[in-house]
Amino acid sequence: MRRRSFIRASSLAVVGAGVRKGPPEEGRILSTYCPTLSLNAYSFNNALLNEGMSLEQLFQFAAETGFTAVDLTAYYIPGYPEAPSDELLYEIKRKAFRKGISFSGTGVRNDFTVKGPEKLAREIEHVKEWIIAASKLGAPNIRVFDGKAEAGGPADPIRKQVVDAFRECALFGSRYGVNVAFQNHHDFLVNTGDIIDIIKKVDSDWFGLMLDTGSVSGSDPYLEIEKLIPYAVSWQLKEKVRSGADMVPVDFPRLMALIHRGAYQGFLPLETLGEGDPKEKVESLFRSVSKYM
């Protein structure tokens, strides 16, 4: 191939690689759409908070297991909920880099359903402070919650309050290159239709869903997950899904087929919960998901 033709073909290939296409055509190899596995630090919640596990040890474990990224929940950064110093953030970033680990995101505790403008302003400011921290850490995504209040109907003024707070944070995130991801945590908003409605009303390229597979509602969780995939900018892929009032083991072939068919290509953070050795649990979940990548 002549040099000019080779350069042109190579350039087109690079450009094409960055374009998100539609769902795979029939018979097309599903792995064309392959997400990147990340470790959600919450899997080591007790170890990090109560058993002396360091972030450097977390990064080492992630690298040894086969992860290339960690979703570093802000709870495990010393001093939380206060925003950390630049020196601390950059030291964490350096240690992760030396282990070959990037950050798929971070996350905070917040409640946008609180009553009173002053309380709400503090919640929004908290998220903004950590958006700045996320940008310095190199995390392209920050997870937020809706809130703990009981949801009313579509006309409930709290819904508008949540939408406005999300939109304000997303606008702020756009100035720092940080996506704001709402986790469907089975709190204020539970119903899939309500979750989608809120995302549409926020209407921002810098806002999306952290799809929590353990918190979807409905008799068939996979049908609900399929509806939510187009809005996902990150995930919390867990060992179990909610089926009615019960939590049941994930059907990994079915779930991963949905993810591939939905053409999701971003980070896919894995999170384990409950009793047992977190290292063994994470390694098991990593193997189960990797089979279908």
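Taking both residues in full, the closest heavy atoms of V250 and K238 are given as CG2-O, 3.2 Å, listed atom of the first, atom of the second, then distance. Of all heavy-atom pairs between N110 and E123, the closest is CA-OE1, 3.2 Å. A pairwise comparison of heavy atoms in L285 and T272 identifies CD2-CG2, 3.7 Å as the closest pair. Annotation for S174 and L171: closest pair OG-O, 2.5 Å, computed over non-hydrogen atoms. What you find for Y264 and A232 is that their closest heavy atoms are CE1-O, 3.6 Å. Considering every non-hydrogen atom in both F252 and L237, the closest pair reads CE2-CD2, 4.1 Å.
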Q | Criterion salt bridge (charged side-chain N to carboxylate O under 4.0 Å, His left out) on E125 and K128, from CA distance to verdict | A | CA-CA 5 Å; E125 185 61 27; K128 288 181 177 180; 5.1 Å; no

Q) Which is it for D194 and I198 under the side chain to side chain contact (heavy atoms under 4.5 Å, CB included) test, yes or no, and what are the steps along the way? A) CA-CA 6 Å; D194 289 340; I198 288 288; 5.6 Å; no

**Q.** Working for salt bridge (charged side-chain N to carboxylate O under 4.0 Å, His left out), residues K148 and D111
**A.** CA-CA 7 Å; K148 296 292 186 181; D111 187 343; over 6 Å; no

Q: Check the pair N40, L270 against side chain to side chain contact (heavy atoms under 4.5 Å, CB included), reporting the backbone distance first and the verdict last.
A: CA-CA 6 Å; N40 194 303; L270 309 185; over 6 Å; no

Q: Applying salt bridge (charged side-chain N to carboxylate O under 4.0 Å, His left out), run through D246 and R242 and close with a yes or a no.
A: CA-CA 6 Å; D246 301 319; R242 187 183 300 272; over 6 Å; no

Q: Test side chain to side chain contact (heavy atoms under 4.5 Å, CB included) on V108 and T73 and set out the steps.
A: CA-CA 7 Å; V108 295; T73 318; over 6 Å; no

**Q.** side chain to side chain contact (heavy atoms under 4.5 Å, CB included) assessment of L37 paired with S290
**A.** CA-CA 8 Å; L37 295 185; S290 296; 3.6 Å; yes

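If you chain together hydrophobic residues whose side chains sit under 4.5 Å apart, M293 and I259 fall into the same group. Cluster annotation: I101 and F97 are assigned to distinct hydrophobic clusters (Ile/Leu/Val/Met/Phe/Trp/Tyr, side-chain heavy-atom contacts under 4.5 Å, transitive). When hydrophobic clusters are built by joining Ile, Leu, Val, Met, Phe, Trp and Tyr residues whose side-chain heavy atoms come closer than 4.5 Å, directly or via intermediates, F61 is grouped together with Y75. No chain of hydrophobic side-chain contacts below 4.5 Å, direct or via other Ile, Leu, Val, Met, Phe, Trp or Tyr residues, connects V233 to F172. Hydrophobic clustering of Ile, Leu, Val, Met, Phe, Trp and Tyr side chains at less than 4.5 Å, counting indirect connections, keeps F103 apart from M210.
Taking CZ from R143 and OG from S104, the interatomic distance works out to 11.5 Å, rounded to the nearest 0.5 Å. To the nearest 0.5 Å, atoms CD (E271) and OG (S43) are separated by 5.5 Å. For the atom pair L55 CG and L48 CG, the distance stands at 6.0 Å (nearest 0.5 Å). Considering OG of S284 and CD of E239, their distance stands at 7.5 Å, rounded to 0.5 Å. Taking CG of L223 as the reference point, atom CG of L228 lies at 11.0 Å (rounded to 0.5 Å). Here S288 contributes atom OG and E283 contributes atom CD; the two are 11.5 Å apart, rounded to the nearest 0.5 Å.
Under the 4.5 Å side-chain criterion, counting only non-hydrogen atoms from C-beta, P35 is in contact with H260. The closest side-chain heavy-atom distance from F44 to V70 is not below 4.5 Å. Annotation: side chain of I158 is not in contact with side chain of F112 (no heavy-atom distance under 4.5 Å). Two residues are said to be in side-chain contact when any heavy atoms from C-beta on lie closer than 4.5 Å; H126 and R122 fail this criterion. For the pair I229/L209, no side-chain contact is recorded, criterion being any heavy-atom separation below 4.5 Å from C-beta on. Side-chain contact between N141 and V178: absent, with no pair of heavy atoms (C-beta onward) separated by less than 4.5 Å. Contact of the F188 side chain with the R159 side chain is registered, since non-hydrogen atoms from C-beta on lie closer than 4.5 Å.
A tilted orientation is assigned to the rings of F207 and F166, their planes being inclined by 30° to 60°. Taking the six-membered ring where the residue is Trp, Y76 and Y42 present tilted rings, their angle falling between 30° and 60°. Note on ring orientation: taking the six-membered ring where Trp is involved, the planes of Y80 and W130 are tilted (angle from 30° to 60°).
More than 12 heavy atoms of other shown residues, nucleotides or ligands fall within 6.0 angstrom of atom CZ in R254. Other residues, nucleotides and ligands contribute at most 12 non-hydrogen atoms within 6.0 Å of the NZ atom of K240. Environment of CG in D205: sparse, with no more than 12 heavy atoms of neighbouring residues, nucleotides or ligands closer than 6.0 Å. Within 6.0 Å of the CD atom in E51, the count of heavy atoms belonging to other residues, nucleotides or ligands exceeds 12. Annotation for Y90: atom OH counts as buried by contact number, over 12 foreign heavy atoms lying within 6.0 Å.
Under a 3.5 Å cut-off, the side chain of Q183 and the backbone N or O of D212 do not form any donor-acceptor pair. S135 places a side-chain N or O within 3.5 Å of a backbone atom of I132 that can act as its donor or acceptor partner. The backbone N or O of W206 lies less than 3.5 Å from a partner atom in the side chain of S204, making a donor-acceptor pair. Under a 3.5 Å cut-off, the side chain of T106 and the backbone N or O of L72 do form a donor-acceptor pair. For T192 (side chain) and E224 (main-chain N/O), no donor-acceptor pair under 3.5 Å exists by modelled atom type. Formation of a donor-acceptor pair under 3.5 Å by the R167 side chain with backbone atoms of K201 is found in this model. Not one N or O on the side chain of K99 forms a donor-acceptor pair closer than 3.5 Å with the backbone of E56. Judged purely by atom type and a 3.5 angstrom limit, S234 has no side-chain atom pairing as donor or acceptor with the backbone of P269. Put simply, the side chain of D146 gets close to the backbone of L189: a donor and an acceptor are under 3.5 Å apart. Counting only distance, with no hydrogens or angles, the side chain of K93 and the backbone of K136 share a donor-acceptor pair below 3.5 Å.
Ring to ring, F267 and F67 are not that close: their centroids are 6.0 angstrom or more apart. Note: F145 and F182 fail the aromatic proximity criterion, with ring centroids not under 6.0 Å apart.
For K119, there are no salt bridge (charged side-chain N to carboxylate O under 4.0 Å, His left out) partners, not counting sequence neighbours.
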